[in-house]
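Position 1 is the first residue of the sequence, and the numbers go up from there.
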Amino acid sequence: MKVIFSSPISVLSIFISLILLGIGAIFTIPISPLPNVEIPEISVHLHYNSLGAEDMESVITNPVRTELGQLAGLESIESQVTDGDAVIYMKFRHGTSMHYAFIEANEKIDQVMNRLPSDIERPHVTKASLTDIPVLYMNIRFRSSVENSNEALSIRLSQLVESVIKRRLEQSPYIAMADVTGTISPQLLIRPDTAAMVAIGLTQLDFGNILTRGRIELGSIAVKDGIYQYSLQFSGKDIYTAEDIGNIQFNWKDKVYKLSDIAKVSMMTQPNTGSYLIGGKRGINIALIQQGKTKINELKEDVRLMTEQFRREYPQIEFNVTRDQTALLDASIANLRQDLIVGGALAYIILFLFIKNWRIPILIGVTIPMALIISLLIFYLVGLSINIISLSGLVLGLGLMIDNAIIVIDSIVQRNIAGIHFKDACLLGTMDVIKPVIASALATLSVFLPLIAMGGIAGSLFYDEAIAIAAGVSSSLIIALILLPTLLLLFSNSILKGKLTDQQIKEESIMTRWYSRGVHWAFAHQKWIVSFVLLLMVAGGLSLRALKSERLPALKRNDLLVQIEWNENIDAEENERRVCQLIQPYLSHVGSIESYVARQQYVWANEKGLGAAACELYFININPSLNEFLAKTLMKELNRKYPEAIFNIAPPPTIFEQVFSGSQNLLEMHIGVKGQFAFPAPRRMDSILNMCQHVIGKENKLVFPLSINKEIVVDPELLSLYSIPMDAVYHKLEALTSRANLFSIKDGNEFIPVFIGNEPLALDHIFSGTYVGNTNGKLFPLGRIASIRDRVSYKLINGGKDGRYVKVGLNDVAPEQAMKKLKSALSNFPFLKLTFTGALFEQKALTRNIASIFGLSVVLLYFILAAQFGSFAQPLIVLCELPISMSGTFVVLFITGASLNVMSLIGLIVICGIILNDSILKIDTINVLRREHDYEILDAIHEGGKKRLHAILMTSMTTCLSVLPFLFGSDIGNTLQRPLSLTIIGGMFFGTFVSLFFIPLLYWWCFGRRATGEGKGR
């Protein structure tokens, strides 16, 4: 240290260089809502239109799931199957290489393809990542409602979005993907005129052959003419429009006809399988996914400029950016800014009140931003981005930056008060606290760095927080121990303007005298102190049991998400009609309502995997006071009009909640079967669930999606009697109910499919007016040989490693009691296998994980303190402060009505790293007085307490006051940080009491009596 202080100019030059490097690094550090963490999850999406859910499960999903179940590192596999669609979700053990797992999953898909129907689309495999969550959404529609309802204009708008808007957005260096839904595509439909065909003796087969021959495309022929080579092409008109198809000519029985003579050709939109609605009117939505290692603020600015440009170029079209997912990031940046301003201002005021010198605290305003810049330089060097997680680490590290500066300044002032020259006081004061400050820093790191070992996505996320805190602690340590004393030396003349003793600083201040009386009282009434501590720990334990557990604190939201499964066999058109009818009364009371109806077109298939009878409604910009009322009103409306519907009404998850979402239900019941038992029929499963509902006393019915399909019953005896092949019945029904894709025509950059078929007929009409030919060409009414009946089947089928099961969510029940009752009730069904999952188990696993990490941290703390104190006993004195302070924290959380959530748990971890610092500093001072100045133990306890009183009080007050503003703000950032603030304030309040009065007692009990006994012996 002497060498460093002997050349202050050199030290200052080095720090200025680091600051300049840090400022340069700030402009290159990526800014994103979340860190670029690879999630150990892969999903496989399967689609096959012609199969119902049960056939989809047995024919397609089960073989694929079985093959994928052999992947290395696989932790769990689960599938969800609906009519024509299936998704298989795979979770891998943390640390598995997702790059190789993705390749291996695709190889497994290739191996199983030969066991699937030949015309099935290849399953789509996607790998999850935090950066794949869209950060912004863009809504596009015509300004005029008349234009919105025009099919031709809507098709053109869709083409504009796909070919122009989407491409221009993806040309931005900040956007990785612009994912589109809500577009509509054209198709050409050829409807045969049966009467005209019969009149000229044309059959359906002949009609198909004519269309095929008329679509022959004549290619080019390469010919050589001497030394030249040419490409010969046939002249003729290509087919581009419905009129071109209608003009196709064919020769039938020596007479030339046009296709339009026997069929009607028209351009129309493709069948509606899903839509996106803006305020009840169709629109288009683009989900914008951020490019990795870019800055979110630059992305938002680029999108804003492009949106303004689109509005100028297409004035008849509305472009609106909606659902900004970066609100939490903005709140985190605002919190950091608030901590810088408020924390710095409060630290200045407190230092001034204690030191009575207005110049010295100014250094706090200089060193804190410098420590922050150096921390960001460390971010750049280790490849960390600025995100919600790392910013929270910086916010927490900021308090430590202030604490270290206060401790060093107070120690220097103490030396100067003792009559030592200020320049020598800078050296000696820094040397006095260098060991305990380093030990405190290591103690803090020992609490946070083990979070990296938590495992899973939580461990990956906490890596950013742990490194951010480590960066903050390291930079504050360097600033406090090297730069701060150097600045005091360089500017001592202007800072002091005389000795500090002339600034009315007295050793025996009023506060010191009050402290001395408190310590004397504590030693005189030891039983009272012990009783208070024991009572506090009992109250803390009871408060902990009474605290409500949740993932994140309840936020005041101005939006609402309504997820509905109508649980009926409705098509997308009816789904859209119901949605429009449901939201109509609320359009004038909210900012906007955005609706995802049925299947969506997003390429990123894990986004909005809705079935034909499902929808999601986003109510945006609601008055927060009306949010609960709106939710209750919607619930009543849905229960009244659609009693079979399954729905969930809650605020949409923030980007942070999407990461920690896990299961949506507190408790989930999975009902499967054992061994080779057949899976229960839907009606029997329904009766089992009714019994479960009665057992747990749940008011709302336990429901699961059912599908009522139609089943054709063909009489085999009549088929044999009339010589009618079964495939003739099938092909006849297929021709009447479906449209065949003949070919496609090119329209610019788009291919338009051409179909042949008729308008769909009602089932009754099909069975009453359809005839089927036998092998001799004789026709028989379809209704004579077949009938139709209802068939109830599962609409949603879940499956896992042990086969299929029914999943039911249980949210408004007492979990432990419900599980016990259900296990007892279902024991009467020996063929059933009952398992439970849900957020309850996820929370318990997280708590166990944090508890084990906490245990590891305590062990590390013990050995760090043992090395600092040179004793195996003294660290135990310091560690006794942890359970006492945490008990006080639980009492504060209980009294204020807060919950135990991720933020309060982070606050507890922070408290563990901070509250010990005061006791470390105090015991180190007592040891020095005993070892180097031959103080008696009681004198050392009293003198050490007085010497470090100001530092302990100042650090405690600045820490509490820096988070105090979070208690009074109402925005999302303050609401999110409020449990953390309450935890820190409660822990620091009781921790300061323990450091000042209980730790001296413990020290005396451990060492004082032994020292007294030794003295008597001597």
Side-chain angles (χ1 to χ4, degrees), residues 42-69 76-90 105-106 108-126 271 273-274 565-572 575 598-602 605-615 646 670-673 678-686 703-712 730 733-734 737-738 790-808:
I42 289 177
S43 57
V44 179
H45 300 258
L46 307 103
H47 178 72
Y48 194 61
N49 257 337
S50 59
L51 292 181
E54 300 210 20
D55 291 333
M56 188 80 183
E57 160 67 17
S58 59
V59 176
I60 295 177
T61 311
N62 188 47
V64 176
R65 189 177 62 230
T66 303
E67 192 73 26
L68 292 173
S76 66
I77 183 169
E78 179 182 341
S79 63
Q80 290 184 355
V81 184
T82 57
D83 293 345
D85 289 289
V87 186
I88 300 174
Y89 301 98
M90 294 174 286
N106 277 283
K108 295 289 185 185
I109 294 294
D110 292 335
Q111 292 172 13
V112 80
M113 283 298 291
N114 62 352
R115 304 205 300 270
L116 303 180
S118 58
D119 56 340
I120 188 175
E121 298 176 10
R122 188 186 187 280
H124 180 55
V125 185
T126 58
T273 59
E565 163 58 56
W566 299 109
N567 202 19
E568 295 179 57
N569 268 24
I570 61 172
D571 60 8
N575 193 343
R599 294 184 177 91
Q600 298 300 304
Q601 299 163 332
Y602 288 121
N606 59 353
E607 178 77 22
K608 309 297 173 206
L610 303 175
C615 60
I646 303 170
H670 293 183
I671 302 177
V673 293
F679 201 79
R683 295 300 187 193
R684 188 172 190 192
M685 181 61 72
D686 190 49
V703 295
F704 59 97
L706 289 177
S707 177
I708 301 177
N709 290 310
K710 299 296 182 180
E711 186 175 44
I712 298 174
Y730 176 81
L733 287 172
E734 184 183 36
T737 57
S738 62
D790 289 342
R791 177 174 176 266
V792 181
S793 59
Y794 290 97
K795 190 172 188 178
L796 173 65
I797 298 175
N798 295 95
K801 283 187 176 181
D802 298 328
R804 60 186 288 189
Y805 58 85
V806 166
K807 179 169 68 175
V808 181

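A heavy-atom distance below 4.5 Å is found between the side chains of Leu733 and Ile712. Counting heavy atoms from C-beta on, the side chains of Lys710 and Asp790 come closer than 4.5 Å. Using a 4.5 Å heavy-atom cutoff, the side chains of Cys615 and Trp566 are in contact. Two residues are said to be in side-chain contact when any heavy atoms from C-beta on lie closer than 4.5 Å; Asn798 and His670 fail this criterion. Using a 4.5 Å heavy-atom threshold, the side chains of Asn62 and Arg804 count as separate. A 4.5 Å side-chain heavy-atom check between Ile671 and Val808 finds every atom pair outside the cut-off. Looking at Ser793 and Arg791, their side chains come closer than 4.5 Å, going by heavy atoms from C-beta outward.
A pairwise comparison of heavy atoms in Ala105 and Val125 identifies CB-CG1, 4.3 Å as the closest pair. Nearest approach of Gly84 to Met56, heavy atoms of both residues: O-CE, 3.7 Å. Here the closest non-hydrogen pair linking Pro63 and Arg115 is O-NH2, 4.1 Å. The heavy-atom pair separating Asn575 from Ala598 by the smallest distance is ND2-N, 3.7 Å. Shown here for Ser79 and Glu57, the closest heavy-atom pair between the two residues is OG-OE1, 4.3 Å. Here the closest heavy-atom approach between residue Pro123 and residue Met113 is recorded as CD-SD, 3.6 Å.
In the model, Ser43 has a side-chain atom that pairs as donor or acceptor with a side-chain atom of His45 under 3.5 Å.
The only member of Val87, Leu796, Thr61 that meets side-chain contact (heavy atoms from CB on, under 4.5 Å) when paired with Val81 is Thr61. Each of Asp55, Asp119, Asp85 was evaluated against Tyr48; a single residue qualifies, Asp119, per the side-chain hydrogen bond (donor to acceptor under 3.5 Å, both in side chains) test.
Listed for the Asp83 side chain is no donor-acceptor partner under 3.5 Å among the backbone atoms of Lys795.
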- For the pair Gln80 and Lys807, evaluate side-chain contact (heavy atoms from CB on, under 4.5 Å) and give the outcome as yes or no after the intermediate values. CA-CA 10 Å; Gln80 290 184 355; Lys807 179 169 68 175; 3.4 Å; yes

- Task: Before giving the answer on side-chain contact (heavy atoms from CB on, under 4.5 Å), spell out for Arg122 and Asn106 the whole-Å C-alpha distance, their side-chain angles and the decisive distance to 0.1 Å.
- Result: CA-CA 10 Å; Arg122 188 186 187 280; Asn106 277 283; 3.3 Å; yes

- Task: Take Leu68 and Ile42, measure what side-chain contact (heavy atoms from CB on, under 4.5 Å) needs, and give me the verdict at the end.
- Result: CA-CA 11 Å; Leu68 292 173; Ile42 289 177; over 6 Å; no

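Note that CZ of Arg65 and NZ of Lys801 are 12.0 Å apart. Values are rounded to the nearest 0.5 Å. Note that the CD atom of Glu121 and the CG atom of Leu46 stand 10.0 Å from one another [nearest 0.5 Å]. Interatomic distance, CE of Met685 versus OH of Tyr805, reported as 12.5 Å (0.5 Å rounding). Rounding to the nearest 0.5 angstrom, the gap separating the CD atom in Glu54 from the CD1 atom in Ile797 is 4.5 Å. A distance of 6.0 Å separates OG1 of Thr82 from CZ of Arg599, quoted to the nearest 0.5 Å.
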